[in-house]
Amino acid sequence: MKIYNIEEIEEKLDRKKTLTLYAECPEDTFELGRSLGKAAKAGQVYTLIGDLGVGKTVFTQGFAAGLGLTEPVNSPTFTILQIYEEGRLPFYHFDVYRIGDVEEMEEIGYEDCFYGQGVSMIEWANLIEEILPEHYRRVTIEKNPAKGFDYRRILLESV
């Protein structure tokens with residue numbers, strides 16, 4: 001399992017605005033999420049992009065663990081938003097895959113989450129780009145079967 005130096009990651013993101021990391025197994029993906037969750041600050045928004053089965057939920061579970069959550073974290077595919085309040089910050093986990101229209105996000109009260117005192121994680125955020133805040137962190141996870149079944153390229157971007 002890889003250990004990610006979050007200070008180094010943050011410094012490189014601040015300087016270059018983009019950083020490519022690699023995970024060789026699901027535990028690496030979880031650990032990167034956990035490291036970012038430990039460093040997360042109130043008001044941050046993370047977007048999560050990747051095909052089905054690429055590891056978005058594993059990454060999110062790690063992120064939640066980094067926030068101190070101990071309850072199970074699953075993708076809120078049918079509820080669109082799951083709120084967790086037991087960690088050091090409220091955690092707003094969105095899965096907007098089934099959003100038919102951006103106006104549905106207003107009904108959910110997304111602004112309270114995006115601009116509140118917690119951290120938001122939005123799966124399939126490319127479907128609601130027009131309402132994302134001006135500044136956010138984009139996490140793109142991609143498979144590379146040529147390098148192995150569990151190998152992932154993870155692109156972190158400061159947008």
Side-chain angles (χ1 to χ4, degrees), residues 4 9 13 17-67 69 71-85 87 89-145 147 149-159:
Y4 295 94
I9 288 172
L13 269 177
K17 303 297 182 208
T18 185
L19 180 63
T20 302
L21 300 168
Y22 301 95
E24 297 176 2
C25 60
E27 292 80 12
D28 290 350
T29 303
F30 182 94
E31 182 59 30
L32 176 58
R34 190 176 71 75
S35 296
L36 289 170
K38 279 184 167 184
K41 298 175 181 77
Q44 285 186 318
V45 173
Y46 283 81
T47 66
L48 196 48
I49 310 296
D51 293 335
L52 289 171
V54 80
K56 294 185 301 292
T57 300
V58 170
F59 177 87
T60 302
Q61 289 168 339
F63 194 94
L67 287 171
L69 292 169
E71 65 185 282
V73 173
N74 295 303
S75 218
T77 302
F78 295 101
T79 59
I80 300 173
L81 171 62
Q82 181 66 45
I83 299 173
Y84 302 92
E85 299 190 66
L89 294 170
F91 181 47
Y92 309 112
H93 183 199
F94 292 84
D95 183 332
V96 299
Y97 184 75
R98 299 202 187 295
I99 288 284
D101 189 307
V102 173
E103 290 178 10
E104 291 178 51
M105 291 295 289
E106 290 177 18
E107 294 170 16
I108 294 169
Y110 80 92
E111 289 179 325
D112 293 337
C113 299
F114 289 9
Y115 303 104
Q117 293 303 307
V119 179
S120 295
M121 176 73 66
I122 310 158
E123 296 186 41
W124 300 98
N126 52 313
L127 300 174
I128 60 162
E129 285 181 332
E130 60 266 33
I131 62 168
L132 291 176
E134 184 177 347
H135 300 287
Y136 61 93
R137 294 273 174 93
R138 180 172 32 225
V139 180
T140 305
I141 304 176
E142 300 170 333
K143 291 182 182 181
N144 186 340
K147 294 197 175 196
F149 180 77
D150 290 327
Y151 187 89
R152 301 293 186 262
R153 176 181 175 264
I154 303 172
L155 180 66
L156 300 177
E157 297 171 277
S158 188
V159 178

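Applying the ring-ring contact (aromatic ring centres under 6.0 Å, His included) test to pairs two or more places apart or on separate chains, those with a residue in residues 102-131 are Phe94-Phe114, Tyr97-Trp124, Tyr110-Phe114. Residue pairs that meet the salt bridge (Lys or Arg N to Asp or Glu O under 4.0 Å) test with at least one member in residues 33-43, sequence neighbours left out, are Glu31-Arg34. Residue pairs meeting the ring-ring contact (aromatic ring centres under 6.0 Å, His included) criterion with at least one partner in residues 23-61, sequence neighbours excluded, are Tyr46-Phe63.
With contacts defined as side-chain heavy-atom distances shorter than 4.5 Å, the pair Gln44/Ser120 does not qualify. The closest side-chain heavy-atom distance from Leu156 to Thr18 is not below 4.5 Å. Inter-residue side-chain proximity for Leu155 and Val139 is flagged as unmet; no heavy-atom pair is nearer than 4.5 Å. Looking at heavy atoms from C-beta onward, Pro26 lies in side-chain contact with Asp150 at the 4.5 angstrom threshold. In this structure, the side chains of Ile141 and Ile49 stay at 4.5 Å or more apart for every pair of heavy atoms. Side-chain contact check for Lys17 versus Leu13: every heavy-atom pair is 4.5 Å or farther apart. With contacts defined as side-chain heavy-atom distances shorter than 4.5 Å, the pair Val73/Gln82 does not qualify. Thr20 places a side-chain heavy atom less than 4.5 Å from the side chain of Arg153.
One finds the CZ atom of Arg138 at 4.5 Å from the OH atom of Tyr136 (value rounded to the nearest 0.5 Å). The CG atom of Leu81 sits 7.0 Å away from the OG1 atom of Thr79 when rounded to the nearest 0.5 Å. Taking CD1 from Ile154 and CG from Asp28, the interatomic distance works out to 8.0 Å, rounded to the nearest 0.5 Å. Thr29 OG1 to Tyr151 OH: the interatomic distance, rounded to the nearest 0.5 Å, is 11.0 Å. Taking CE of Met121 as the start and CZ of Phe91 as the end, the distance is 5.0 Å to the nearest 0.5 Å. Here the CD1-CG distance, from Ile122 to Leu132, works out to 5.5 Å after rounding to the nearest 0.5 Å.
Within 6.0 Å of CG on Asp101 lie more than 12 heavy atoms contributed by other residues, nucleotides or ligands. Surrounding CD of Gln117 are at most 12 heavy atoms belonging to other residues, nucleotides or ligands under 6.0 Å away.
In summary, the side chains of His93 and Glu123 do present a donor paired with an acceptor at a separation below 3.5 Å, with no hydrogens or angles considered.
The nearest pair of heavy atoms linking Leu48 to Lys56 is CD2-O, 3.4 Å. Across all non-hydrogen atoms, the minimal contact from Gly37 to Leu67 is O-CD2, 3.4 Å.
Using modelled atom types, one side-chain atom of Glu104 and one backbone atom of Gly100 make a donor-acceptor pair closer than 3.5 Å.
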I would like to know whether Val102 and Glu130 meet side chain to side chain contact (heavy atoms under 4.5 Å, CB included); could you show each step before the answer?
CA-CA 8 Å; Val102 173; Glu130 60 266 33; 2.8 Å; yes
Requested in this report: May I have the step-by-step check of side chain to side chain contact (heavy atoms under 4.5 Å, CB included) for Ile9 and Leu19, ending in yes or no?
Outcome: CA-CA 8 Å; Ile9 288 172; Leu19 180 63; 3.9 Å; yes
### Query
Which is it for Thr140 and Glu157 under the side chain to side chain contact (heavy atoms under 4.5 Å, CB included) test, yes or no, and what are the steps along the way?
CA-CA 8 Å; Thr140 305; Glu157 297 171 277; 4.2 Å; yes
Check the pair Lys143, Arg152 against side chain to side chain contact (heavy atoms under 4.5 Å, CB included), reporting the backbone distance first and the verdict last. CA-CA 5 Å; Lys143 291 182 182 181; Arg152 301 293 186 262; 3.5 Å; yes
